[in-house]
Structures are given as structure tokens and as C-alpha cells.
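Data first, discussion second: the structure below is written as C-alpha cells.
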Amino acid sequence: MILVIPSPNLYIRSSKFLNQYLYMEYNFREIEKKWQEYWHDNRTFRAEDKSSKPKYYVLDMFPYPSGAGLHVGHPLGYIASDIFARYKRLKGFNVLHPMGYDSFGLPAEQYAIQTGQHPDITTKTNIARYREQLDKIGFSFDWDREVRTSDSAYYKWTQWIFIQLFNSWYNPETNKAEPIDTLIPKLNNYSSLSEKEQSDLLLEYRLAYLSDTMVNWCPQLGTVLANEEVKEGVSERGGYPVERKLMKQWSLRIKAYAERLLNDLDGIDWTDSIKEAQRNWIGKSVGTSLKFKVENSKSEIEVFTTRPDTIFGVSFVTLAPEHELVQQLTTSEHKKEVEEYITFAKNRSERERMADVKKITGVFTGAYAIHPFTGKQIPIWIGDYVLLGYGTGAVMAVPGHDSRDYAFAKHFDLPIIEVVAGGDLSKESYDAKEGKLINSDFLNGKDVKAAMKKAIAVIEEKELGKGKTNYRLHDAIFGRQRYWGEPIPVYYKDGIPHVLNENELPLTLPEVDKYLPTETGEPPLARASSSWKKDGKYDYEYSTMPGWAGSSWYFLRYMDPENEKAFVSKEAVDYWQNVDLYIGGAEHATGHLLYVRFWTKFLNDLGFISVTEPAKKLINQGMIQGVSSFVYRVGTNVFISKNRIDTAFSADELKQVGMESNDAHVTQIHVDVNIVNNNVLDIDAFKNWREEYKNAKFILEDGKYICGSEVEKMSKSKWNVVSPDLMVEQYGADALRLYEMFLGPLELSKPWNTNGISGVSNFIRKLWRLYHKDDVLNVSNEPATKPELKILHKTIKKIIHDIENFSFNTSVSNFMICVNELTELKCNKREILEPLAIIIAPYAPHIAEELWQQLGHTESVTYAAFPECKEEYLVESAFNYPISFNGKTRFFQEYDLALPKEDIEKEVLTLEQTQKYLEGKTPKKIIVVHNKIVNIVV
RNA sequence: GCCCAGUUGGCGGAAUUGGUAGACGCGCUGGUCUCAAACACCAGUGAGAAAUCGUGCCGGUUCGACUCCGGCACUGGGUACCA
């Protein structure tokens, strides 16, 4: 029979089909769909509220459902946590593995401002898209517990927690939060104050409080930002400039928890880098407060120092420009200069200030302080290197032993006194806490440590100051002048803030005509209709809560998501406790992860929950970077293959592309990575990619166009975004899951390279073939042989070790080795293949379910029992010893493991090869390490 | 500047924590099948002709170092006048 081929194109297509039919026996498209539907219909991953099983809580960091959807980097952590959750189910745990959305946030609101579309609609659309993408990857989430922070049923409780914060104060004696009622009896003459005065006084104690605060004001976003939302002087989202501004704002008193937030880090299994970042952010420093009298004045300046030992090295005092004593101290001769400087400092934006940290600015006030020990005059300066928000907003400057004071002194030519020997003060300050004290009266001759003790003792004795601890951590500003957030459940009556009653919650987000501030600069909520008032007459608070409010307690809501009576029931927390394994990005180190710890401790203080930390173990997954591809354009529309850039073109080539000379300028242009395969450009796809390239001409190498490449952040503008949907479409969800894990250690950042995915795709087909012959299940019930059992149990052992150490990349390798070895042995024994299907199920759940079913099981593999490793199959009787000379392995020799060291030593020396390497010399020493190595020292 | 990671073939990475460096996979080369190609399968693949040399660089400890210690360089992330 003659096969007539109508066109080469069709032929290629039909042959592709043929190959699929012949080799791609495993139809992942059908099978993955089948099991995803099965899991959904049977609610396979539902966590039990009550169970005799031990519990295990695996949580992923709350995603914000952005409009761009997921790229291949997002699911990395979800896949890892999913593997762990599935593993724990196989190990007999009742697993809570939920997912939901942190759905309030800026992008939906910005989109609303531009288009007028209600952020709720945008958010719902984005969530639907997210869900669709997540479902394709086969995650084992318990979707019955989904929460969304923008649902009023959820934010009702976020508001409720805010009210608890408002109604509490931090009692330093019991070292925990208590209801505000326990404070009132401690306040003198409270009852004699007016209502307004009482309110103002209590606001100084409440954990949620209203005050005039220096805030990070972002004019472009029209809102204030928390410190951790500001990066390098611009807003983290959007990159807009930020300035300092004094505003009446709601804040949370997180600073009260600083010490506990710091200490409790020791008890949790988080990465060192996150703990370190939190320690730095909290920034505890122990020192002394010290008062300086001001000459010819009743005022005193209080400074904070960690180096009281250097008190005799003080040569001036510096105040922050905003310091309250500045006006009062400044002498009339210096008034003008000082005022100019204050104006200058105020108008300098945060960004400018940071950009030129090294630029030293300051001004003399004309006033002098009196040194508490020497009685000498000390000039008082103002400088913006001193921050009002830290310590007392004033420093005793010791230029000899503090590099910032040194720089200031050098710049303004102020005296530098050496009080600790060991440095060279003509070059730089000597900041080290080592050396003997000099020029220091009663401290002379002591080392720094002893001098510090002595100085503190004398300072306290003379009542000049006392020991003090400072934290860098600021209270968290809690109001945002935005629309798309939780309304703060507060109304104002005669200028006094009141919180709503619990039965008045939720205070739902009102409709507004526009999502912009009002003409008078009030937040968007001020646009709500005039009926949006408490009891029809009192204004509500117009600020909304920040993005991190809802995410500070969501791990609790998953335990009891439907509860209408409480944010979570006590029984639910008593059972689920806290998160056993939390996986997410390291970028939340000082934001979310600090706030969620704070709220957890607060809720614990009030007795609502039994835990003091949200998560026992935390793992940070690395970023997946993109690999960008480049084409090189010469002239207007000619593209030159990468390795031809520096080579001359032949006259023929020039003619072909219509160019006159060799030396046109080369431009590097990003090209969509989806039309590049192994650096080879798909030229036809490129011509169709954009209209302007339709008639592009090419200078090739070996008949191909080779692109350049570079590792960059994955982003739309760099054309290097790879979507998980496409990977699932082409290779299947199991392949994507395996490949993401196979790429490298979870915590490390690594570039995405689609090329390698064919490796795991082959592996899945090989696995399938182990169980099948001509696409029909072919499994034998014969007992397995010893070598087969050894392969299985070796693999079980390694997989358990790998999963428990979160080394998912090596477990994928181990599966490959296992399947390769079993294929080699042509093993198709049920005794081997059944346990294999179970251990691979957490990684590749779809194919595992299908194999499990074909093996005759009617229940999902999800709740099978993870096989035990039987060591007896792994014992060896002999070991092939590497024989090394001076540590270099030269050859191998097998010896019985029962053979004593001395005998091995003797045996080795008799070997012909040993004599060859000894070259007639006598060995100095022979080291035999049982089951490891033989080393001969020559 | 400070803090935290990291640096191993052409590429992603492995090494039971001091005991055979380069597992596993990609890519590449050769072969089988095919008129040919793709797919699949088989073999090879750190460098070097070899002796040997090889885990960012220099030094140390050790019978033996990718692994431990001291110093340095580079890359990535965080942070920033915190007294």
C-alpha cells in the first residue's frame, strides 16, 4: 500500500499524532481532569473538626489575588506544602491545609480609580482566575474553609479584634494586655476629669489609639504608609515618594510587645535569617538615660546612650530638629539660622535625606549645656542625624568613639576627646568596646566593661539618670486614607472616639461615587451618602485598616471559618493549636510575620486563644527568576544570530538582508521566551509575534537563529513570564509539580528553565510503563525478589528522610533512580508497585490515584498508609572499599563486612595494585574505617 | 557600612554532615529505528595525550576537607544616620 502524503505540514502533524498514540500511553490530560473532579466531588481533603487522629496544620502565606494571575514561581511554595500535607495524611494525621485570599488591597483600588469598576468586582474576577489556575495543579486544599478578608463575614471579626485592642491596655506589671477597666483605678483623679479629658488620657494607654503622629505620607497614593511599606524612601507598591507629616492617626501599640516578640523568637523553628531580620527590626538596645542641665535655664536635656563609659568624651550635645526644647534654647543671635535649618530639614523628603546620608547638616543653637561631672560648658547643636522618634531625640556626642558624632565634629570643627585608648582619632573614631579608659577622672584605667558599670552606678547614685532599654520598633500606624479596606469600627461624638458594640458589627463598606479623596482632602469614605452615620447623626471614622489587618489572624479563622458567634471557637484552637508548617516568601519578614505574632500574643493575653505564637515552623521558599531571551537587531529590521555579532558578514549575506555595510549599530531586544526553545528562535513565530517584525530579515548561524539569555526577575515587561497553565497544558500537573521541586532546594532562588521539564515528563511515562504493557495494566502477584525489595525499601527510607528535611529536590531524583532500577529488573510485582504508588502520591497525585485505582482499590490513595521501611532488606554482607593513598582513591576492593580491620589491613597490603601504588615504599600508617574507606599513608 | 544567604561540569543541581566529588535531570556527541526528520531506545559526556589536576581565591587543622577554622573576593536579598 502506498501512503499518499498531501503536504509535508500535514505529515508532520499526523506523525506527531502517531507518536502520541505509540509512546504517550499515559494520557495525563484525561487522567488529571478525572481525579481533580473526583477530589472535588468527594471533598477528599476536608479536615475533620473532631478526630482521634493527631492534627497537623500546613499553611501557605495568604495570596493577594492580583490581576496578572500566577506565574510559574508562585506555586513553588504551594507545591512543597501540598506534598507535605499529603505526606502527613498518609502518615495518619488529620491535616488542615486551607487556602484563601487576602483580598483587600491597593491594586484593585487603583484599578477602580482608573476605570470606576467597583474593587469588589475586580477582586472576584481575579479570585476566580486564581482558583482556576490553582485547581489545575492538583492541590489538596480544603476549599470548604476558604476565607476572604474582604468578606463582611470575615472582616466583622477583624473589626471585633480592633475593638478588643481599643478596649485594652498593656500592664507592665503583669507584662500582658488587660481590659482597660483594670487601668482606671490606677489613674489618679480620673473621675474628676471631663469626659474629653478622660478619653484623651485613656488613649495614651489603649493598644489601639488615636494620636498626633509623624507619618509616612504618600501624596500620590493619598494615604499614609507603615514603615515596612516604605522602601528606600518610596512606597513599596508603586514606588511613589513618601514624606514625613504630622497627622492624627490610629496606631497599634506593638512596641509594648517588643520584648516578648524578641524573646519568643528563641522558641520557634524559623529560619535564622527571618529571626535575625526581626531582631534587627525590633532593635533592642540597652543603655542609660542621662540629664544635662542647660546653662542659664531651668530646662534639662535628657539623652539616651549605650556608652555611659564615654561620658568624659562628650564635647557637644545634638538635638533632633523637631525637639521640643529647640525653640526655647536657641539664643536670639542664632534664631534666624536655626529656623532656616528647621525649615530645611522639614522640607527634605525622606528620599533626599536617605540619598545623601553622608551629607552632614546641622546648626549651633547658641546655648550650652553643663557637663554633669566636669561642669564644663558643652555647646548644644541641632542636626538631622538625630531622630526624634528614637530614644529621647537628643544625643550626647562623643566624637572620639562614635562615627556619626565624629563626622559631625570634623565637619563643624568641634573638639574630639579621646577617652578609650586603642584607636587613631586623627583618622577615624574608635567605636570598639575594647580598651582602657583615659582622660576620664574616676574611670581612668578601667576597661570598657568595668567603666560602663561604674559610670551607671555613679549616674544612678547622683540621680542624673537611670538604666533604660530602647527599641527601634515603632508603633504601627493603622489607618489608611483609602477605600478598599476594612472600615475602622469607630464613630465620633463631640470629638470623642467611640467604638461600636459587638452587635453593630460588621460595619460594612459603604458605596461611594468615586474612589478618590474628597475636594477637602478627606478619605474616600467621606463620600458615602449622608445616611452613613452612626444612629443617623455621628460621623464614622473615614480611614480604613491597612492591608495587613486581615492577614494578622487568618490562620485562626481557618480552624473555624463558619463561626458566627466568635472569630474562632476555643475548642477549635485547643484542637488545632497553631500552624505546624508555614511556607511563604521571605519578603514578609518584618511586616506580616511581626504583626501576626503581635495579634496572636494579644489574643492570648485576653484568654481567647491558647497559643502565643502563630507558627511553629516557617520555611521561606526562594524566588523563581525568569530567563530572558534576547534578539539582536542591526539597522532597522535585520536580526543577527548571537554568535555572529562580532563576525563579518559576507557580501552575499549583506545583499540578502539589504544592508550596505558591516558596521551598523546592534540593539539588544527582549523577545518572548515562549517562542524560543533552547536558545533557538522560532523564526516564524517571531515574525507573527509583532506586526513590525513581519518582514524581518535574519543572519543565521548553522541555519538557526541563536538568542542570548540572561537571568532576571520574572516580569511581563521582560517577556520572560512562564505561566503554570501552559506547563500543565503541555506536560501535565504532575510533571509541573515534580519539575518545580526538582529544580533545586526549596529555599534557594533559581532561574526557571522550561527545557528541563522533559526529564520529569519522561520519568512519568517510565513510571506508567512499569505498571503497564501495551497500555493495559500488567502487574504480577508473584512475590518480589530480594533485589527488588531492596530497591523499594532503600527508596522508602530516602523519601521519608527527604520529606522530613524538606529536601524535595532530592526525593524526585530518588524516585527516578528507583524507577530506573526497577525498569532494569523488569519488575512488575504488586508487592513493589503498590507501595511505590503510595510514596509517590504526595508528589504526583494524579498518576498515583490512577495507578492505585487500577491496582484494584476503590478508595482514594490520599488516605492509604505510608509504607514502612524495613531495614532487613537493606543489610549488606560486604562492602566495596575504596582504597586510597594519601587520601586519593585509586581502586576498589570488596571485603566481607564481618572481616576485622586488622585483617583488611593485611589483605590490602598483599594486593598487587597496592604494591604498584606503594612504589616499593613502606606505608607509614594504614587507616581502615569500617564500611567506609581504606587509606594508606605513604 | 551592617546583617543574612550563596559561589561545585556547558546548565539546574547531588554528596548519608569529615571518608569514592559531579548522583539525578537537561544539553551535547555517537549509534539503533527511518527514504529522511521528530519521537523512542542504547552508549558516551569535569579538564587533560598522559602523568595527573580539579568544588570562588589564599592559608591552616587532619591519615583524609565541597564539608571544620582564619583571611579575602564576587553574586543575590534585607537594612540604613537607632546614639
Side-chain angles (χ1 to χ4, degrees), chain A residues 8 11-12 15-16 18-20 22-24 231-233 271-277 279-281 283-285 287 303-307 318 353-354 357-358 360 383-387 389-398 402-405 407-408 470-473 586-587 589-590 620 622-623 625 627 678-679 709 711 738-739 742-745 747-760 762-763 765 797-798 801 807 809-810 812-817 820 880-892 923-927 929 931-938:
Chain A
Y11 181 61
I12 287 166
S15 101
K16 237 185 191 164
L18 198 70
N19 283 324
Q20 245 178 28
L22 283 176
Y23 300 108
M24 306 260 297
K231 303 265 142 127
E232 288 166 16
T271 54
D272 288 338
S273 59
I274 294 280
K275 287 191 186 184
E276 210 42 44
R279 286 192 191 105
N280 292 339
W281 193 260
K284 179 180 181 175
S285 65
V303 301
F304 173 74
T305 179
T306 54
R307 294 294 302 274
T318 317
R353 210 173 62 81
M354 283 180 184
V357 177
K358 282 180 193 105
I360 293 151
D384 72 350
Y385 80 100
V386 179
L387 307 174
Y390 186 79
T392 59
V395 300
M396 59 174 226
V398 184
D402 181 288
S403 54
R404 294 152 309 185
D405 298 339
F408 197 83
N470 252 309
Y471 300 94
R472 201 191 79 120
L473 182 72
E587 67 273 20
T590 53
N620 298 117
M623 276 216 315
Q625 295 137 324
V627 179
N678 278 325
N679 290 336
S709 70
V711 173
L738 286 170
Y739 188 55
F742 188 61
L743 231 39
E747 317 85 276
L748 257 50
S749 289
K750 54 239 156 189
W752 178 266
N753 182 354
T754 301
N755 295 337
I757 199 170
S758 61
V760 292
N762 286 344
F763 160 75
R765 299 211 298 265
K797 189 177 179 175
K798 284 194 162 147
H801 177 267
S807 176
N809 54 327
T810 51
V812 178
S813 304
N814 280 319
F815 283 128
M816 290 173 170
I817 293 167
N820 286 347
N880 200 18
Y881 283 88
I883 313 298
S884 57
F885 293 79
N886 293 332
K888 292 272 168 207
T889 305
R890 298 303 179 188
F891 62 93
F892 294 89
K924 277 188 198 153
K925 203 175 175 184
I926 302 176
I927 289 128
V929 183
N931 207 8
K932 285 266 158 71
I933 203 167
V934 176
N935 190 20
I936 300 167
V937 188
V938 190

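Only a predicted model underlies this, so the values are computations on that prediction, with no experimental measurement involved. The sequence lines fix the lettering, A, B, ..., with proteins before strands; numbering per chain opens at 1.
Using modelled atom types, one finds a donor on one side chain and an acceptor on the other under 3.5 Å when comparing T271(A) with N620(A). Side-chain atoms of Y881(A) and N931(A) form no donor-acceptor pair, as typed in the model, at a separation below 3.5 Å. In this model, a donor atom of one side chain and an acceptor atom of the other lie less than 3.5 Å apart for Y390(A) and S285(A). A side-chain N or O of T810(A) and one of S807(A) form a donor-acceptor pair less than 3.5 Å apart.
A 3.5 Å limit on both hydrogen-bonding distances identifies G71(B) as the Watson-Crick or G-U partner of C57(B). Pair assignment for U45(B): G27(B), on the basis of Watson-Crick or G-U wobble contacts that are both within less than 3.5 Å. For G1(B), the paired nucleotide is U79(B), the pair qualifying as Watson-Crick or G-U wobble because both relevant distances are below 3.5 Å.
Atom NZ of K798(A) is separated from atom C1' of A15(B) by 10 Å (rounded to the nearest Å). N280(A) has its CG atom 8 Å from the C1' atom of U79(B), to the nearest Å. In this structure, CE of M623(A) is placed 13 Å from C1' of A5(B), rounded to the nearest angstrom. Protein atom CG of N814(A) is 11 Å distant from nucleotide atom P of C24(B), rounded to whole Å. Between the CZ atom of R890(A) and the P atom of C53(B) there is a distance of 7 Å, given to the nearest Å. Rounded to whole Å, the distance from CD1 on I883(A) to C1' on C63(B) is 14 Å. The distance between atom CZ of R472(A) and atom P of C81(B), rounded to the nearest whole Å, is 8 Å.
For N753(A) and G25(B), the shortest distance from a side-chain N or O to OP1 or OP2 is not below 4.0 Å. A sub-4.0 Å separation between OP1 or OP2 of C26(B) and a side-chain N or O of N762(A) is present. Between N809(A) and the phosphate of A14(B), there is a side-chain N or O to OP1/OP2 separation shorter than 4.0 Å. Contact between the side-chain N/O atoms of T754(A) and the OP1/OP2 oxygens of C26(B) is not found at any separation under 4.0 Å. The side chain of R765(A) places no N or O atom within less than 4.0 Å of a non-bridging phosphate oxygen (OP1 or OP2) of C39(B). Not one side-chain nitrogen or oxygen of T271(A) sits closer than 4.0 Å to the OP1 or OP2 atom of C4(B).
If you check C81(B), G12(B), C3(B) against the side chain of E276(A), the one that comes closest is C3(B). Side-chain atoms of S758(A) lie closest to C26(B) of the nucleotides C26(B), C3(B), A21(B). Distances from the side chain of I817(A) to the nucleotides A23(B), G25(B), G13(B) place A23(B) closest. Side-chain proximity of P745(A) to the nucleotides C81(B), G19(B), A14(B) is greatest for A14(B). The side chain of L748(A) lies closest to G6(B) when the candidates are A83(B), C4(B), G6(B). Comparing C81(B), U20(B), G19(B) by their closest approach to the side chain of K932(A) singles out G19(B). Listed candidates were C26(B), G25(B), C81(B). Nearest to the side chain of N755(A) is C26(B).
Taking the P atoms as reference points, C24(B) lies 12 Å from U45(B), given to the whole Å. If you take atom C1' in U62(B) and the same atom in G18(B), they sit 9 Å apart, rounded to whole Å. G78(B) and A83(B) have their C1' atoms separated by 22 Å, given to the nearest Å. With both ends at atom P, the span from G22(B) to A5(B) equals 28 Å, rounded to whole Å. Rounded to whole Å, the P atom of A47(B) lies 23 Å from the corresponding atom of C42(B). Straight-line distance between the P atoms of C68(B) and U55(B): roughly 15 Å, to the nearest whole Å. With both ends at atom C1', the span from G48(B) to C53(B) equals 8 Å, rounded to whole Å. G13(B) sits 10 Å from A23(B) when the C1' atoms are compared, rounded to a whole Å.
Of the residues near RNA chain B, A394(A) and W281(A), the one whose nearest nucleotide (by heavy atom distance) lies more toward the 5' end is W281(A). Nucleotides of RNA chain B nearest to G756(A) and T810(A) differ in position, and the one nearer the 5' end is that of T810(A).
At a threshold of 4.0 angstrom between heavy atoms, the contacts of V937(A) are confined to the sugar-phosphate backbone, with no base atom among them. N935(A) comes within 4.0 angstrom of a nucleotide base, judged by non-hydrogen atoms across all strands. Nucleic acid contact for S813(A): base, since at least one base atom lies under 4.0 Å from a heavy atom of the residue. Using a 4.0 Å heavy-atom cutoff across all strands shown, V386(A) reaches at least one base atom of the nucleic acid. Residue contacts for F892(A): at a heavy-atom cut-off of 4.0 Å it reaches a base atom on one of the strands shown. Across all strands, L743(A) comes closer than 4.0 Å only to sugar-phosphate atoms, never to a base (heavy-atom distances). As judged by a 4.0 angstrom heavy-atom cut-off over every strand, N820(A) is placed among residues touching the sugar-phosphate backbone only.
For U17(B), the glycosidic angle deviates from 0 by 90° or less, giving a syn base. Anti is the classification of G71(B), since its glycosidic angle lies more than 90° from 0.
Around NZ of K275(A), the count of heavy atoms belonging to other residues, nucleotides or ligands within 6.0 Å exceeds 12.
Among all heavy-atom pairs drawn from A589(A) and I274(A), the shortest one is CB-CD1, 3.6 Å.
Put simply, the side chain of V760(A) reaches to within 4.5 Å of the side chain of M816(A), judged on heavy atoms.
Annotation: Y739(A) is in aromatic contact with W752(A) [ring centroid separation under 6.0 Å].
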